[in-house]
Amino acid sequence: MVTLTINGKQVQVPDGSTILQACRLHGIELPTLCYDPDLRLAGSCRMCIVEVKGRPLFLAACVAPAENGMVVETESPDIVQARKVILELLLARHGGKCLTCEKNGNCKLQDYCYQYGVSDTRYADGGRHHYPIDDPNPFIERDYNKCIMCTRCVRACEGITMARAINVKNRGHNAKIATAFDGNLADSPCVFCGQCIMVCPVGALTSKVSAGLGRAYEVEKVLTTCTYCGTGCTLELNVKDNRVVGVTSNRSADWSPVNRGALCVKGRFGWDFINSPERLPTPLIKENGEFREASWDEALDLVASRLQKIKEESGPDSMAVFTSARITNEENYLAQKFARAVLGTNNVDHCARL
Amino acid sequence: MTNSINELEKDAKAIFVIGSNTTENHPVIGMKIKKNVLENGAKLVVADPRRTDLADLADVYMQHRPGTDVALLNGMMNVIISEGLADQDFIAANTEGYEAMAEVVAKYTPEYVETITGVPAADIRRAARLYAEAGAAVICYAMGLTQHSTGTDNVKSVCNLAMLTGNIGRPGTGVDPLRGQNNVQGACDMGGLPNVLTAYQQVANDAARAKFEEAWNVSLPAKPGLTLTETINKAHHGEMKALVIIGENPMMSDPDLHHVEEALEKLDFLVVQDIFMSETAKYADVVLPGACFAEKDGTFSNTERRVQRVRKAVDPPGQARVDWQIICDLATRMGYPMSYSSAEDIFEEMRKLTPSYAGMTYARLEGKGLQWPCPAEDHPGTPFLHKDGKFSRGKGAFSAIEFIEPRELPDGEYPLILTTGRSLFHYHTGTMTRRCVALDEHVPAAEVEINPALAGQLGIEDGEMVRLSTRRGSLEVKAKVTDILAEDVVFMTFHFAETAVNWLTNADSLDPVAKIPEYKVCAARLDKI
Ligand code: SF4
Ligand code: SF4
Ligand code: SF4
Ligand code: FES
């Protein structure tokens, strides 16, 4: 164990902890932008700086190891002043358009500017970049005018998805995130998993499928299991006014045991079939080769009486049920119970082999 | 899966992927395999007729001729036995039937297997050594291994390989079938199969049936029923009168759609319960609108046997109803009252009849879910099966398996092998993903993948429309020229109703045990239009 003092309080943390981990273990919050517990450390944004007695320079808490006897201050006047400068420098780059931004209300830059009272920048003289927003892929909006160069997207792409589709191009003021030839994602190894959207702390990367449908504070998140492949990823359906408007993910191993927030393109962007105008709203009965709408009573009575008659005339084994690999366990249980107990046949199967 | 998904990311020291395009069909599992290989140095062996994304990363990639899996696996076992790499202690303690298997495998020398599979003998040797010497090696497979007329033999062969090297019953080992659909595991567990009730309790077993008869207060049929493919065949003979289809789309997913179409048309009565007017629903007499996963509570069981909650987020559209309520109403109207207050209520009835789910409750499933078997409420669930080499049937049985050629081989008229599969961007018959705006915009149509040499011979350019034919029919489709396939193999996905490749596949070649159709091999020809 390591013993150190943070904001006047003596604390103990396991060997090998960083100062950031030590703070969080003891309920002291530090602002972070580039830090992500699941990704390779970058230690580049310097939002997490702290003052350590006897050290001439501020330390980035996310990478600095906690050491015995350290005396740490996390919100001293000098630190607060330095963080304000860092935020102003970020604003010099970030062409904030909060009014129309998808991330408004769920943006770390906004949060920290609010926390530290930073509303403007003194450093915008160099002129902001004006990057075109023109990647034609249907999934991900890339607006690098909002990018704060935290590189979380790069590290998620290489460390979670293992795609290495994007990287940092150029240095200093001209640094930007780009594919190998600074082109479109579709021409890179990108698999459109959206892990980069998941980790982006600002509105530089957002879902085109959810664009304009609601912001984080307007939606309720319902934790559920993906409807596509057998991996069984946990995802969050974002609901606004009884309508699914997007998918996000939960990165906790306690709530997302299989995927810890990682999804694929189908899980993250394949939800809008739920709202398709082609969804069937009423029972249909075919008459003279054409479907007509029917009430539930009429449709169910018809099905019950036809099945009953066929059972009596031709026997239970002249009927079969195809249940589904798509419906729930509870429904599969009832479907086979229906075949066996009600129709009286073991002719029940599903597309396990197809 | 005998083992758990996250073991693929950290515990496995070697991963053998055969017949699984993991990064497209189980993408998040694919990411974990890549992470283990790229960050922890796990060895990767890939066997697939198509050079997949994982093949490009592999230490050894074996591009075997479609349908020659048994020969390839026997070849690897031949190397393992002849080089003394077999785990004799494990074999002696935990298995039976080794000698008979070893006798068959003896003739499958790498050189002989090369003549069957086209895989260089040296690669077979390297692959066998990587797998056998890793210490903790896992086999992942999917439909590429099972959708063959010898699918059961193929699966038995991978089990042989795992037992031969003692790669069973420890973290990072095992035999992991990657199941394709969100709840295909659950549909099987729940007895959505013609021969078993829940948790694989045989319908032919009197004691099992008696238990259900008492709980359900009804007498139950003892004779195993028909599989899906057999049901379609029986309907085709005019002997099946009524079919109730819940959320399945055989008019896209089944082999030889002419055959399916004729079968459906011969039914007296077809009911389809679905969320869309699927290709199959069009043939129905009555269509009942069900609810999708976002509109209901319940559970799904994933490929690692993990039972997880599904939670209702929104109401179904219009008058559409949750599927279990529709089933209950129908049963009640047929004189067998079914009434449940909630999905949880159904789960409670089910688990009392289902030993492997008996210890699960909705409260316990919160958060991480539970992996079956979970026989009691204080049981933590089972991340990996066969701990310490203990098999449920006592000893693990080796099978002695000879290679058999696929049923429909290329000939002069149909000189190519057609093999089918999926794309990352679509799901199964496309009823859902084709109605997702972004997915369908990104990949709007089917393509037939062909090797550049074949394209050259036929004078076909990338992107040109071509005619693909088999003995069942033909269709026009865009050609995609790619060197990931051998010269005599063509590949097509089955998601697209406009160019449904299952008009061309073969309903006659089924695995004799599993009744799985041979989607991965049929004879085909390609013509310039
Ligand atoms: S979508 Fe996925 S693969 Fe593409 S850049 Fe983002 S993280 Fe990388
Ligand atoms: S796009 Fe987002 S995640 Fe990527 S570097 Fe910029 S701000 Fe960070
Ligand atoms: S998000 Fe992708 S990998 Fe995960 S379950 Fe859904 S389809 Fe499968
Ligand atoms: S969060 Fe520590 S340097 Fe960025």
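The chains referred to below are lettered A, B, ... by the order of the sequence lines, with proteins before strands, and numbering in each begins at 1. What you see is a predicted model, and the numbers here were worked out from it, not measured in a lab.
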Less than 4.5 Å apart, any side-chain heavy atom of A:W271 and any of B:C436?
no

Under a 3.5 Å cutoff, is there a donor and acceptor pairing between the side chains of B:E239 and A:S318?
no

Under 4.5 Å heavy-atom distance to chain A, tell me which part of B:M240 shows up: side chain, backbone, both or neither.
both

With heavy-atom distances below 4.5 Å as the criterion, would you say the side chains of A:V303 and B:F269 are in contact?
yes

Of the backbone (N, CA, C, O) and the side chain (C-beta and beyond), which part of B:N502 lies under 4.5 Å from a heavy atom of chain A, both, or neither?
neither

Quiz question: by atom type and distance under 3.5 Å, do the side chains of A:N329 and B:N183 form a donor-acceptor pair?
yes

Yes or no on salt bridge (charged side-chain N to carboxylate O under 4.0 Å, His left out) for A:E313 and B:K241, after CA distance, side-chain angles and deciding distance?
CA-CA 10 Å; A:E313 285 173 358; B:K241 301 292 173 212; over 6 Å; no

With only heavy atoms counted, which part of B:T231 is less than 4.5 Å from chain A, the side chain, the backbone, both or neither?
side chain

For A:D301, which atoms come within 4.5 Å of any heavy atom of chain B: side chain, backbone, both, or neither?
both

Given a strict heavy-atom distance threshold of 4.5 Å, which part of B:K234 is in contact with chain A: side chain, backbone, both, or neither?
side chain

Can you tell me if A:T328 uses its side chain to pair, donor with acceptor, with the backbone of B:G298 under 3.5 Å?
no

Less than 4.5 Å apart, side chain to side chain, heavy atoms only: is that true for B:R333 and A:S305?
no

Is the ring pair A:F139/B:F425 parallel, tilted or perpendicular, if the boundaries are 30 and 60 degrees?
parallel

For B:W324, is there any backbone N or O sitting under 3.5 Å from a side-chain donor or acceptor partner on A:E330?
no

At a 4.5 Å cut-off on heavy atoms, which part of A:L237 comes close to chain B: side chain, backbone, both, or neither?
side chain

Has A:T224 got a side-chain atom pairing as donor or acceptor with B:R311's backbone, closer than 3.5 angstrom?
yes

Counting N and O atoms only, with roles assigned by atom type, does the side chain of B:K35 sit under 3.5 Å from a partner on the main chain of A:G159, one being a donor and the other an acceptor?
yes

Is the shortest side-chain heavy-atom distance between A:R340 and B:L197 below 4.5 Å?
yes

So B:P289 and A:P283, do their side chains get closer than 4.5 Å, heavy atoms only?
yes

With a 4.5 angstrom heavy-atom cut-off, which part of B:N195 approaches chain A: side chain, backbone, both or neither?
backbone

Minimum side-chain heavy-atom gap B:L226-A:D317 below 4.5 Å:
no

Honestly, the part of B:A222 sitting under 4.5 Å from a heavy atom of chain A is backbone

Checking the side chain of A:K266 only, and the main-chain atoms of B:L424 only, is there a donor and an acceptor separated by less than 3.5 Å?
yes

Report which part of B:N25 has an atom under 4.5 Å of a heavy atom belonging to chain A: side chain, backbone, both, or neither.
backbone

Could you check whether B:N302 and A:T231, counting side-chain N and O atoms only, form a donor-acceptor pair closer than 3.5 Å?
no

Is A:A253 close to chain B through its backbone or its side chain, or both, or neither, when contacts mean heavy atoms under 4.5 Å?
backbone

Any side-chain to backbone donor/acceptor pair from A:R306 onto B:D268? Under 3.5 Å, distance only.
yes

Is A:N346 reaching over with its side chain to a backbone N or O of B:V203, donor-acceptor style, under 3.5 angstrom?
no

Are the side chain of A:K208 and the backbone of B:A438 linked by a donor-acceptor contact shorter than 3.5 Å?
no

With side-chain contact (heavy atoms from CB on, under 4.5 Å) as the test, would you mind laying out the steps for A:E293 and B:Q319 before giving the verdict?
CA-CA 11 Å; A:E293 295 188 353; B:Q319 299 170 43; over 6 Å; no

Fit a plane to each ring of A:Y333 and B:W216, take the angle between them on a 0 to 90° scale, and name the class: parallel (under 30°), tilted (30 to 60°) or perpendicular (over 60°).
perpendicular

Between A:C229 and B:Q181, is any pair of side-chain heavy atoms under 4.5 Å apart?
no

Is chain B contacted by the side chain of A:D241, its backbone, both, or neither, given a heavy-atom distance below 4.5 Å?
neither

Are the side chain of A:N347 and the backbone of B:P194 linked by a donor-acceptor contact shorter than 3.5 Å?
no

